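Scroll down for the structure; my scribbles are underneath it.
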Amino acid sequence: MPVAVLIAYLPIILVAATAIAVMLGIAWRREHAVTVAASVLGLGLALIAQVFAWRVIPVHTPLLDFDGLALLAGILILASTLVCAILAHGYLESFHGAREEFYVLLLCAAAGGLVLVASRHLASLFIGLELLSMPLYGMLAYAYHEPRSLEAGIKYLILSAAASAFLLFGMALLYAQTGELRIDVLMASLDSHTGIWGLAGVGLMLVGLGFKLSVVPFHLWTPDVYEGGPGPAATFLATASKVAVFALLLRLMLSTPVAQGDWLRAVFTGLALASMLIGNLLALTQSNLKRILGYSSIAHFGYLLIVLVVADGLAAETGGVYLITYVLSTLAAFGVVILISSTISGEDAAALHHYRGLFWRRPYLTAVLTVAMLSLAGIPATVGFIGKFYLIALGVEGQRWWLVGGIILGSAIGLYYYLRVTITLFMAEPGMHRRDASDDWGSRAGGLVVLAVAGLVILLGVYPAPMIELARALGGITIR
Amino acid sequence: MILVWLIVIPFVGGLLCWQIERLGDKPTRWIALVTMLVELLISLWLWAQYDFHLPALDGSTTQWALEFRVVWIERFGIDFHLAMDGLSLVLIALTSFLGALAVLCSWNEIVRRIGFFHLNLLWILTGVVGVFLAIDLFLFFFFWELMLVPMYFLIALWGHSGSKGKTRIGAAIKFFIYTQASGLLMLVSILGLVFAHHANTGVYSFSYEVLLETTLSPTLSTWLMLGFFIAFAVKLPVVPLHGWLPDAHAQAPTAGSVDLAGILLKTAAYGMMRFALPLFPEASQAFAPIAMGLGLLGIYYGAVLACGQQNVKRFIAYTSIAHMGFVLIGIYSGSLLALQGVIVLMLAHAFSAAGLFVLSGQLYERLHTREMDKMGGLWGRLGSLPGFWLFFIAASLGIPLTANFVGEFMVLFGTFPTAPWVVVIASFGLVLAAIYSLILMQRVHYGPPRSDTPLKGLDAREFAMMLSIVVLLIWLGIYPQPLLDTTEAAMGEVQRVFEISGAPERGVDAGPGAAITLMPEAR
């Protein structure tokens, strides 16, 4: 095996090895802090290895293809898993029951995500997707004595299994039509002569992947699962899992010959418009922060689908930049929710009234959540603005005026609920029911990570050049 | 570098106020005040120091008195590019003066969360100064959106909830959504312009001077111009897009109203003169009749609706709409005299509206109401306050000796050669102005008094604030020449661009033969 291949595989190997090591360690002795330290160490090493892998890409192997996009998505997956692990430490401290298995599940899911983004073969695609989804069932239902958490886990399990069935059926149809399992060859052989079964196969695969991305009309599970799942699990679902699936779709679309993708583009246009409008509209009446974030993520992936529609020119770069901005903003928002929910066990503090007047008790934590909300809304001086700027630029460049109109309308609607959350933080009313972060949140690992993420949101919002260079450099190295 | 300081000083001042709050109220207020005074002194010093009536070069390179430029986002040719000419200088001086006024008028009004209040107040001014200085379109948009956030907090947190379900948060969100959504239209237009330029030359650039040279097809130019126009029209506001203004004013604290009426509305007029007209001269020329029509509509709509208001601040808000109608007509008239008149009118409106808002804030502190049917007969019970009130009402209806008269006169006089009928109709609007002004005065201060107990008169702080605005209004009303000299070069530039576009030879140049579509190679 050439060294380059080994280097490219190293992050996956490291994550998988950490998962096994943590599992064996738990079997030997239960130590929460040690488990967290081992997971964080493994993930950190994998992240460093991922950065080193930049030197050797592109690397082709029969099942996995390491190109710029896979690398960028891998960095995002590892980074968000790392943040989730650190936040889970504080979150699970007050948890009654086994804490350590959460990290095994988290590491397995991260490994699945890494496989998924690099897959070039339907077999590795399916393995990656299932390895990503299976641990999530466990993570979402981790607080199984909470009815909502259990409900979230089972809901996700059933719908995800259905989506996997669609995906598999679609793959089977495609294989029957073309006799190919290599993704790039498969996509290239889908020309205008493709019969009805081939189209049906692509359609069914889209349903399966659309479910994981939770674009409208496959979005029904999202708010319930976000609301019910424990904070760190929902965070992982919102960031790493969605990034992995989107990166995969982006590679699929980039490898589809332009002339043959027209009907696919039309489908994506419809999905995009529906997601950004319906996602934002449904969020308007919510009074639960985690549900709001769920609907907001539906809308954000609606915006992001423009990248798949255009799939040309600035598209790969835009996808990279927007994923970075989305992950950073979402991590900051969820981070605050987790910190607030950490002090006592039980359901997460996600109802908006828990956050009333937070500013007058925890100004810096509120600043983080404010920044996250403004960034999700796309206000300048936050990284979210750069993402929105890129998307609108892409829409204008590709002359997709409907989608540009959709973004503007969606943002205008979205502002309403982002601002409502924000203003709630600043309104004090005496004698209300309060949930609060622990007093020393700022000096604990979770608090520091959340502050650092918020700092990045501002820093990259004001000086985005490094992020753009990264997305550009990696988005350029794409195998056609 | 001094331009960067103009932005940094209020920003840092705001942060300081937030942190100093724990030392007490007085230091916070003083720091905010000193910050704004320093800003004012710098702009006055710049006025004295630099020569702002440089002749415009015959080429299209604009002559800036001061410039600052560093590369910001190289990928798209975006620079952190600030520049100052007479127009921006005058508006920045206005901003810092009204900023100081806003700090002073909240001295007793705002008693809760003072540090955060002044943080927001000073950050609004940071954003506004940035808007007046930015010459890179991306940077302009950046500041344009940025100034909304603190304004939103100001209205939502320190505002007053009105009756009938009109909450301050509702008003703040309405304000934000109106301006942000229209701002995104402008972003689309900016990007359309940038990509058109990229299609022509292969270079990405957001630089104002570079984009001025872009050749556009007439259709594309019209659409892009509309994107800019709508964004500015919402902020000005032009009538069908004005829905946020009365609510925002009625619900905002006094300082917020002063900033809104005095400064934020002016950013829209500035944007039209700096960007919408020069970037799309032909399209603007073609659009001018519609814009003037909208201006006329605004004059009448604002005046008629003002007459029916019960809330003093909503009343003043509607009169603002009427005054901005004159500004819009002046901007699209394309004559130097009218454009210069627009500047005077903008300053005059800023002073008179700010004065009226401060006065209604002071009335509120004494009467705890803004409803006119609970006022009446206040003359004689309030010391010198009704006198000031009378002066500002006279100014706002355009009595000679006040700057408002000079501004309106110049706008109407300058527009007459190009659009005589517009001027004729607008002049009748002045009659309505007299009617609503007198109604306001009558309802609030004359008539039978509700009680005979005298109320607290103006203290030294309030008196000084009012007097300084009065002096400025009269000075500009008697001797506006220094102001006109300062802005003449900048306005001459706007007028020149506008005039050339109307001339026939340019029409041939930019005819269908030279038309370039946005992305020829795009599908």
Side-chain angles (χ1 to χ4, degrees), chain A residues 258-259 262 265 310 312-314 317 321 359-360 363 367 370 374 377-382 385-386 388-401 404-405 407-420 422-424 426-428 461-465 467-469 471-472, chain B residues 18 71-76 78 80 112-113 115-116 127 130 138-139 141-149 152-153 155-158 168-170 172-185 187-196 198-199 204 223 227 517-519 521-523:
Chain A
V258 175
D262 272 348
R265 277 166 231 281
V310 178
D312 198 10
L314 284 172
E317 188 181 335
V321 168
F359 179 74
W360 312 108
T370 308
L374 293 180
I379 305 296
T382 60
F385 170 65
I386 306 294
K388 192 153 282 173
F389 170 78
Y390 254 98
L391 279 185
I392 293 181
L394 185 70
V396 172
E397 191 203 24
Q399 294 185 313
R400 304 277 168 177
W401 303 115
V404 173
I407 297 184
I408 293 176
L409 195 58
S411 311
I413 302 170
L415 270 178
Y416 179 79
Y417 59 85
Y418 292 126
L419 290 178
R420 208 159 58 94
T422 312
I423 205 66
T424 308
F426 293 86
M427 292 191 312
V462 175
Y463 187 66
M467 176 176 72
I468 291 173
E469 285 310 311
R472 199 180 171 196
Chain B
W18 182 32
V71 175
W72 187 15
I73 305 172
E74 212 175 352
R75 173 79 177 90
F76 289 105
I78 296 169
F80 191 85
R112 287 181 309 149
R113 312 158 192 171
F116 195 55
F138 183 89
L139 187 66
F141 182 79
F142 187 87
F143 283 122
W144 177 264
E145 297 273 284
L146 202 59
M147 68 185 174
L148 304 180
V149 181
Y152 167 77
F153 279 120
I155 299 176
L157 294 179
W158 290 274
R168 55 183 199 267
I169 293 174
I173 288 182
K174 202 167 172 184
F175 160 75
F176 202 109
I177 290 180
Y178 259 94
T179 33
Q180 227 265 347
S182 60
L184 283 177
L185 284 179
L187 180 63
V188 172
S189 280
I190 292 177
L191 284 165
L193 189 62
V194 168
F195 280 112
H198 180 248
Y204 286 116
W223 282 109
T517 50
L518 177 52
M519 284 279 291
E521 74 277 16
R523 291 179 304 278

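Just so you know, these numbers come straight off a predicted model, no measurement behind them. Naming: A, B, ... by sequence-line order, numbering from 1 per chain. For the numbers below, each heavy atom of this structure counts, side chains included, while hydrogens, waters and symmetry mates do not.
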[X], part contacting chain B, at a heavy-atom distance under 4.5 Å:
X	answer
A:L391	neither
A:F389	both
A:Y417	neither
A:L409	neither
A:L419	both
A:T370	side chain
A:L374	side chain

Choice from A:S411, A:G414, A:A465, A:A393 maximising heavy atom contacts with chain B below 4.5 Å
A:A393
Closest heavy-atom pair, A:A377 versus A:L415, reported as atoms and distance to 0.1 Å, is CB-CD2, 4.0 Å
Closest heavy-atom contact between B:A181 and A:I408?
O-CG2, 3.9 Å
[X] versus chain A, the contacting section by heavy-atom distance below 4.5 Å:
X	value
B:I169	side chain
B:W144	neither
B:F80	neither
B:I190	neither
B:Y178	neither
B:F138	side chain

Chain A: which of [options] shares the most heavy-atom pairs with it under 4.5 Å?
options	value
B:I78, B:V188, B:V194	B:V188
B:F142, B:W18, B:F141	B:F142
B:L187, B:L185, B:I177	B:I177

